[in-house]
Amino acid sequence: MNIEGHIDELRAQFPVIKRYTYLNHAAVGPLPQRVLDEVSRINQDKGYSGGLHWMDWEEEAEETRKIIARLINAHPEEIAFVQNTSVGLSIIANGLNWEKTDNIVINDLEFPSNLFPWQIQAKRHRLVTKTVQNRNEKLAMEDFEEKIDRHTKIVAVSHVQFSNGFKVDLQRLSKLAHENGGYVITDAVQSLGQMPIDVKKLDVDFLATSGYKWLLSPIATGFLYIKKDLIDEIEPSIVGYRTDENYHEYSYRTINPAKNARRFEHGQINFPGIAGMRAAIEILESFGIHNIERRIRELVDRLIIGISELKGLKVLSSLKPEHRNGIVKVGGLESPDEVVTKLKEDNIVISSRAGGLRISPHFYNTEGEIKQLLDALSFLTQS
Ligand SMILES: Cc1ncc(COP(=O)(O)O)c(C=O)c1O
């Protein structure tokens with residue numbers, strides 16, 4: 001569906017716009033009305049009928065699993081529902097079969113959720129951690145080339161960096177890691193929902209994400225993708241009845257982990273949240289994820305031009321087409337926190353990160369809203 005041609009209809013689905021110019025999707029995405037309704041539908045059902053419709057919720061969750069798989073070009077068997085990105089990353093970190101000589105490649109721009117699980121393993125198994133240092137807030141492929149060797153078990157990297165939106169070339173990184181016999185795990189929480197992701201094309205081995213940012217889904221929804229051939233290699237570290245092949249069989253027995261990614265789900269899943277996530281993905285898909293990426297790019301183009309016209313302000317995110325997206329970091333301010341607070345007084349919502357402003361519009365935002373932010377920034381910084 002054409003976004004510009006349906007913008008009023010689209011925006012009507014977002015209660016957040018009633019009060020806010022919301023340009024903060026790298027922090028927390030708001031929920032569309034249909035998502036709110038879906039979460040409420042399952043909660044109401046539980047309120048009025050307890051667990052009578054449990055199996056219906058299970059079936060609905062399986063539908064959502066298929067929709068998630070379609071979104072990233074995976075197979076439903078490769079998807080596990082998890083509570084958030086951190087849990088997904090930790091499941092892989094805890095479940096890999098570590099050997100004494102293994103090393104782990106991380107980088108110094110990562111969000112802590114994609115550092116701590118690896119640091120814990122490194123400590124537990126006395127492994128070497130190799131850290132790619134950023135160059136002027138960018139990650140260079142040659143630095144990964146230098147760090148990755150035939151002892152690299154895994155390269156852990158965000159698809160898009162949280163602080164400045166730097167997007168890494170996952171396809172090249174996967175090739176590099178695989179040539180050395182290693183794996184790639186990506187944290188996709190800052191990319192999924194704002195751009196197409198094809199796990200087969202990128203050839204990543206694992207992908208973890210939450211739904212609450214760009215995916216416009218409820219808090220505590222997320223999933224973990226595991227390449228089919230690797231499911232067996234990852235030992236389930238948190239286990240429960242859902243881990244088992246026959247998860248509706250409650251009798252005394254020895255565990256027989258499911259052959260598919262459900263083995264990583266352990267206990268009860270978040271049915272209301274998952275119903276909401278399905279609605280959110282359906283909205284994104286109805287407009288087309290390529291159209292969403294294009295629309296965000298247009299808004300960001302407008303923003304970048306506007307920032308360049310403001311004295312003293314500077315876009316610090318990479319402007320190269322292959323690295324940029326809906327997260328724009330702006331520097332040159334004495335006190336970014338103060339600016340964020342002042343903007344909030346005008347109901348304009350952005351964040352400050354790593355010494356700059358972080359602005360992150362989504363596809364339902366408008367050029368008018370970008371202009372509103374630029375006008376406010378002009379007033380706050382140029383007077
Ligand atoms: C890159 C990245 N990973 C992870 C998270 C949060 O982790 P979780 O999804 O486990 O809450 C954030 C939150 O800002 C993030 O930016």
- Query: Are N97 and E233 close enough, and set up right, to give a side chain to side chain donor-acceptor pair (under 3.5 Å), and what steps lead you there?
  - Reply: CA-CA 7 Å; N97 178 22; E233 279 193 31; over 6 Å; no

Do [X] and [Y] have side chains that approach each other closer than 4.5 Å (heavy atoms only, starting at C-beta)?
| X | Y | value |
| --- | --- | --- |
| F81 | T64 | yes |
| R262 | E77 | no |
| Q382 | K311 | yes |

- Query: Quick one: does S317's side chain have a donor or acceptor within less than 3.5 Å of a partner on N164's backbone?
  - Reply: yes

- Query: Counting only N and O atoms by type, is there a donor-acceptor contact under 3.5 Å from the side chain of W98 to the main-chain atoms of A93?
  - Reply: yes

- Query: Between K213 and H25, what is the shortest heavy-atom contact and its length?
  - Reply: CB-O, 3.4 Å

- Query: Do other residues, nucleotides or ligands put more than 12 heavy atoms under 6.0 Å from E334 CD?
  - Reply: no

- Atom CZ of R253: over 12 foreign heavy atoms under 6.0 Å: yes

- Item | Residue among E367, H362, E369 satisfying side chain to side chain donor-acceptor pair (under 3.5 Å) with N365 | E369

- Can you list the steps and then say if H178 with D205 is a side chain to side chain donor-acceptor pair (under 3.5 Å)? CA-CA 10 Å; H178 294 159; D205 302 288; 2.8 Å; yes

- Task: Step by step, work out the side chain to side chain donor-acceptor pair (under 3.5 Å) result for S352 and D337.
- Result: CA-CA 6 Å; S352 65; D337 285 342; 2.4 Å; yes

- Hey, mind stepping through S158 and E110 against side chain to side chain donor-acceptor pair (under 3.5 Å) and telling me if it holds? CA-CA 7 Å; S158 286; E110 285 298 308; 2.9 Å; yes

- Message: Between D232 and R263 (salt bridge meaning N to carboxylate O under 4.0 Å), is one present in this structure?
- Response: yes

- E38/R41 ion pair, N-O < 4.0 Å: yes

- Note on the structure: Value for CG (N84) from CG (N270), rounded to nearest 0.5 Å, stands at 11.0 Å

